[in-house]
Amino acid sequence: MHIVVCIKQVPDSAQIRVHPVTNTIMRQGVPTIINPYDLFSLEEALRLRDAFGGKVTVLTMGPPMAEDSLRKALGIGADDAVLLTDRFFAGSDTLATSFALATAIQKIMETEPVDMVFAGKQTIDGDTAQVGPGICCRLGMQQLTYVQKVESVDPAKREIVVHRRSEGGVQVLKTSLPCMITMLEGTNQIRYGTMDDMFRAARADVRVWSAAAAGIEDMTRCGLRGSPTVVKKVFAPKARAQKARPVDGEGAEALAAAAIEAIFASQPKLESDLLKQSAGY
Amino acid sequence: MSADNKPASSRAGMKKQLPEKFINYKHVWVFVELERGEVHPVSWELLGEGRKLADKLGVQLAGVVMGPPAATTRAAVEGSYRYGADTVYLMEDPLLTDYRNEPFTKAMTDLVNTYQPEILLLGATTLGRDLAGSVATTLATGLTADCTELAIDDEGSLAATRPTFGGSLLCTIHTLNFRPQMATIRPRVMAMPEAKDGEVSGGLIEVPLNMKEDDVITKILDFIADNTTNKAQLAYADVVVAGGMGLGKPENFKLVKDLAEVLGAEYGGSRPLVQKGWIDSDRQIGQTGKTIRPKLYIAAGISGAIQHRVGVEGADLILAINTDPNAPIMDFAHLAIIGDAMTILPALTEAFRKRLSVNRMAG
């Protein structure tokens, strides 16, 4: 079984700072990580490889430094890595990104058929959840998003059964390979690579592909030019005119009492609603 | 190398030049999300927002209803009129009983290609996000996820504002030269509009799906409904109490639950609490968790990072409990108790308990 896992190198967003005057992202010194959502998909892919044999290829698109994230994935246990990097990709929105990644996967398929593609549910920097479905749609695969459990795989029949989170419950779905899966967070725990994996990762050849090497002929479908969306404005959220009004009082009881008075003074209907609800108990 | 084959550098100043083929794209559409006989409330919220956009553009607002031939599907059509739709596009087919990507993507792309809307809004639910991604890719148009504000600019384009970089900044995104302009919006970000009373009606355009079950590769084997009594109904709760890192240690989270219980409220927490495993991820409040819109939100020991702020700004009244009078949460809370959540929370719990029970006896 050959599984391609799409990952993204992202800034550790918990540590992002915005310049207070210019409203620009201060990137200096912000560490990068593999998008945490991708790790649930990577782990699931590794488990399937361990169970059924085959290989896991990790794929990313990004600047040359994104190679670090691929080496990390190799160190965790992936077998092969492809970095898609080209200045033509700069400024790609989700449509242009899914075009580039899907084309690269087709290129991979020319030499090794692909049974499944995994992607993160979403990224922590863009949070769109669009690239996985975009890749899937372009490759004409069956789309399985928000998967919380891979129930079974039958490689002979080329069938897979998964549990997919939906509104108000879980769908149990059966579909055919090839398929694209995004895993829900918290569904597994990413493994630590073995010493062998780590040594191998340090020495492994990461395949570095330009747009042309990935088989892209029409550069107008890449980067800014291939992106239908245009970011017109970036700005910091406005502060409200008034800051929170602190309630007066000495000690916890007095403060609590003052806060409750202030709450019900501004929301009179809330008190009657709460009373009705309370009477219902 | 031709000029077309050089990388582009910037397009922020790009002007709208709508290609000929999109000139006739008109009207605002809202996907009415119907699952197991019920419409997700986000669809009504979006009809409310879509009404404003349609009025600004001087065009019609349409609901798009897809479901099985059933009374519940017809009820969704009526609901669409009730919440502001002028017209409903209806696809009724047994294949649209439960959500699957393939038939729903075909249904939506067929409708768009035939009837050509300029704006298409979907809820950012698991269903809406699954569907929007493949519809936008099939149509090769722009899709802006998780918008917090929608407006029409001077050129008549949709200006979709969303948080970016984990909520540190906001950005306004346009789909200038492609149609439809697609956006997803999370539940509770937009206000629920008033429903019209009495008889409602509007245009109805019924379109066949033209697909057979054999054409759909993915099969639904089972549906395991959530045990709703245990599931956080945070997004639609009237009162929400939440805790953050200021609580110090996981045991103290009980103080949040105690107050929530007295108020009949839902409880939740900030992102670090989920990351540390103090609470489940479906209790996370903020940009990457749930957006809430309660009448009262009590935030204890939450500093108020922007990513939290965008998830709670819709609350009618926010009470912040924090030892730091300069914490960022003071910029968007309405009331504050400057103090230690560990002593204030029990005092609030006790005071609310007395107030609500004394009054009950008096009444």
Side-chain angles (χ1 to χ4, degrees), chain A residues 13 16 18 25 87-88 90 124-125 128-130 133-134 137 142-143 145-146 165-176 186 219-220 223-225 228-237 239-240 243-247 252-253 255-257 259-260 262 266-267 270 274-275 277-279, chain B residues 4-5 7-8 11 14 35 101 125-127 129-130 133-134 137-138 141-143 145 165-166 168-176 178 217-226 264 281 295-296 306 317 319-320 330-339 343-344 347-348 351 355-356 359-360:
Chain A
S13 83
I16 280 228
V18 178
I25 298 277
R87 59 206 174 98
F88 280 107
I124 60 165
D125 58 348
T128 68
Q130 289 165 11
C137 181
Q142 292 303 304
Q143 177 169 316
T145 54
Y146 307 102
R165 165 117 309 264
S166 73
E167 302 291 318
V170 173
Q171 287 183 319
V172 182
L173 298 174
K174 181 167 93 171
T175 196
S176 299
M219 298 303 164
T220 64
L224 276 176
R225 210 180 277 118
T229 59
V230 179
V231 178
K232 279 277 188 180
K233 196 167 74 169
V234 180
F235 56 103
R240 263 186 341 129
K243 290 195 116 193
R245 178 166 63 83
V247 296
E253 266 111 65
L255 286 167
I260 291 175
S266 88
Q267 301 277 308
L270 182 65
L274 286 176
L275 282 166
Q277 177 187 298
S278 168
Chain B
D4 238 18
N5 243 0
R11 299 192 312 166
M14 192 170 156
E35 258 203 315
N101 180 267
T125 58
T126 54
L127 192 167
R129 284 177 151 212
D130 188 274
S134 35
T137 308
T138 308
T141 190
L143 166 60
F165 284 103
S168 315
L169 289 173
L170 297 168
C171 60
T172 302
I173 295 177
H174 293 235
T175 298
L176 284 183
F178 297 83
I217 294 172
T218 299
K219 306 292 177 195
I220 299 175
L221 302 183
D222 198 3
F223 182 82
I224 306 158
D226 287 331
S281 61
K295 292 173 182 148
L296 173 63
I306 293 165
L317 184 66
L319 167 67
M330 301 305 167
D331 290 340
F332 58 94
H334 306 90
L335 285 172
I337 301 180
I338 308 302
T343 55
I344 301 293
L348 268 178
R355 174 106 176 201
L356 297 173
N359 272 328
R360 176 172 56 174

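A note on names: the letters A, B, ... follow the listed sequences, proteins ahead of strands, and every chain is numbered from 1. Only a predicted model underlies this, so the values are computations on that prediction, with no experimental measurement involved.
Ranked by heavy-atom pairs under 4.5 Å with chain B, the first of V172(A), T145(A), T175(A) is V172(A). Ranked by heavy-atom pairs under 4.5 Å with chain A, the first of L127(B), T138(B), T343(B), I220(B) is I220(B). Between chain A and the options N101(B), I344(B), I173(B), D130(B), heavy-atom pairs under 4.5 Å are most frequent for D130(B). Each of G186(A), P246(A), P133(A), S176(A) has some count of heavy-atom pairs under 4.5 Å with chain B, and the biggest count is that of P246(A). Of all the listed residues (T125(B), L335(B), T175(B)), the one sharing the greatest number of non-hydrogen pairs under 4.5 Å with chain A is L335(B).
Of all the heavy atoms in P228(A) and F178(B), the pair that sits closest is CB-CD1, 3.3 Å. For K295(B) against Q267(A), the heavy-atom pair with the smallest separation is O-OE1, 3.8 Å. Considering every non-hydrogen atom in both C137(A) and S134(B), the closest pair reads SG-O, 3.6 Å. Between R129(B) and T128(A) the shortest heavy-atom distance is CZ-O, 4.3 Å. Closest approach of S166(A) and F223(B) over heavy atoms only: OG-CE1, 3.4 Å.
If you measure heavy-atom distances from A320(B) to chain A, you find no contacts under 4.5 Å at all. With a threshold of 4.5 angstrom between heavy atoms, S281(B) approaches chain A through side-chain atoms but not through N, CA, C or O.
Distance check, rounded to the nearest 0.5 Å: CG of L348(B) to CG of L255(A) gives 9.0 Å. The distance from atom CG of D222(B) to atom CD of Q171(A), rounded to the nearest 0.5 Å, is 10.5 Å. Of the inter-residue distances, the one linking R245(A) atom CZ with M330(B) atom CE reads 13.0 Å to the nearest 0.5 angstrom.
Remark: E253(A) CD is loosely packed, at most 12 non-hydrogen atoms of other residues, nucleotides or ligands lying under 6.0 Å away.
Salt bridge present: D226(B) and R165(A) bring a charged side-chain N and a carboxylate O closer than 4.0 Å.
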### Message
Applying side-chain contact (heavy atoms from CB on, under 4.5 Å) to L221(B) and L173(A), what does each step give before you reach the verdict?
### Response
CA-CA 6 Å; L221(B) 302 183; L173(A) 298 174; over 6 Å; no
### Task
Output, in order, the C-alpha distance, side-chain angles, deciding distance and verdict of side-chain contact (heavy atoms from CB on, under 4.5 Å) for C171(B) and F235(A).
CA-CA 6 Å; C171(B) 60; F235(A) 56 103; 5.9 Å; no
### Worked check of side-chain contact (heavy atoms from CB on, under 4.5 Å) between L176(B) and K232(A)
CA-CA 10 Å; L176(B) 284 183; K232(A) 279 277 188 180; 4.2 Å; yes
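Counting heavy atoms from C-beta outward, I260(A) and R355(B) have side chains that approach closer than 4.5 Å. Side-chain contact between L356(B) and L275(A): present, with at least one pair of heavy atoms (C-beta onward) separated by less than 4.5 Å.
Between the side chain of E167(A) and the main chain of T126(B), a donor-acceptor pair closer than 3.5 Å is present.
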